Amino acid sequence: MPRVGRPRRARPLLRADAYQLQGERLPEWIAAVRVDDLPSLHTFVNGLERDLAAVTAGLTLPWSSGVVEGHVNRIKMIKRQMYGRAGFKLLRKRVLLAS
């Protein structure tokens, strides 16, 4: 169990990377997590390392799929609201009219 007063090196690096798009600093952050005694972050880092190139690109490149994800979320919400009530024709009308 980590001691309460011990400084954490990992958290500030992740916060800085997320807002400043500095994906090239990710290996430095991963090394800091490995030094700290934080088992839950070790598991998180293992997941990041499985696809390190994609995570680095996501933290480095200016493009975002946020708009697309928002539309997908909206369509799923409409679909959940209509579950068992009508067929595809009505679903299609609601999705297109809501735009």
Side-chain angles (χ1 to χ4, degrees):
M1 184 167 169
R3 293 185 307 184
V4 174
R6 199 168 124 192
R8 301 282 185 221
R9 295 176 211 90
R11 281 184 267 166
L13 288 173
L14 181 63
R15 197 173 305 135
D17 282 348
Y19 292 112
Q20 297 174 7
L21 297 176
Q22 296 177 349
E24 66 275 357
R25 293 184 61 205
L26 189 61
E28 176 187 338
W29 184 81
I30 289 173
V33 168
R34 296 278 184 223
V35 170
D36 281 339
D37 185 25
L38 300 168
S40 57
L41 278 182
H42 289 195
T43 304
F44 176 67
V45 164
N46 290 339
L48 291 179
E49 287 179 324
R50 278 190 227 123
D51 200 1
L52 190 59
V55 175
T56 303
L59 289 171
T60 305
L61 301 175
W63 300 293
S64 170
S65 63
V67 175
V68 173
E69 293 297 329
H71 287 296
V72 168
N73 187 38
R74 180 180 56 83
I75 291 169
K76 285 182 178 182
M77 181 197 63
I78 293 171
K79 184 178 171 185
R80 279 192 300 270
Q81 289 174 343
M82 295 182 56
Y83 182 76
R85 296 183 184 178
F88 180 74
K89 283 185 174 183
L90 183 60
L91 174 64
R92 183 175 183 273
K93 281 185 180 181
R94 284 202 58 194
V95 168
L96 294 177
L97 289 175
S99 295

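From a predicted model like this one, the values you see are computed outputs, not experimental measurements.
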Original post:
What is the distance from atom CE of Met82 to atom CG of Leu90, rounded to the nearest 0.5 Å?
Top reply: 3.5 Å
Original post:
Can you find a pair of side-chain heavy atoms, one from Leu52 and one from Ile30, that are under 4.5 Å apart?
Top reply: yes
Original post:
What pairs of residues pass the salt bridge (charged side-chain N to carboxylate O under 4.0 Å, His left out) test when at least one of them lies in residues 80-90, not counting sequence neighbours?
Top reply: none
**OP:** Show the numbers, then the answer: is there a side chain to side chain contact (heavy atoms under 4.5 Å, CB included) between Leu91 and Ile75?
**Re:** CA-CA 9 Å; Leu91 174 64; Ile75 291 169; 5.7 Å; no
Subject >> From CG (Leu59) to CZ (Arg25), nearest 0.5 Å >> reply: 11.0 Å
Original post:
Do you reckon Tyr83 sits in the same ILVMFWY cluster as Val95, going by side-chain contacts under 4.5 Å, direct or chained?
Top reply: no
Subject >> Cluster link Val72 to Phe88, ILVMFWY, side chain under 4.5 Å >> reply: no
Original post:
So, are Glu49 and Arg34 salt-bridged, with charged N and O less than 4.0 Å apart?
Top reply: yes
Subject >> Minimum side-chain heavy-atom gap Trp29-Val45 below 4.5 Å >> reply: yes
Subject >> N/O donor-acceptor pair under 3.5 Å between His71 side chain and Gly66 backbone >> reply: no
Original post:
So, do His42 and Val33 sit near enough that their side-chain heavy atoms are less than 4.5 Å apart?
Top reply: yes
Original post:
Asn73 versus Glu69: any side-chain heavy-atom pair under 4.5 Å?
Top reply: no
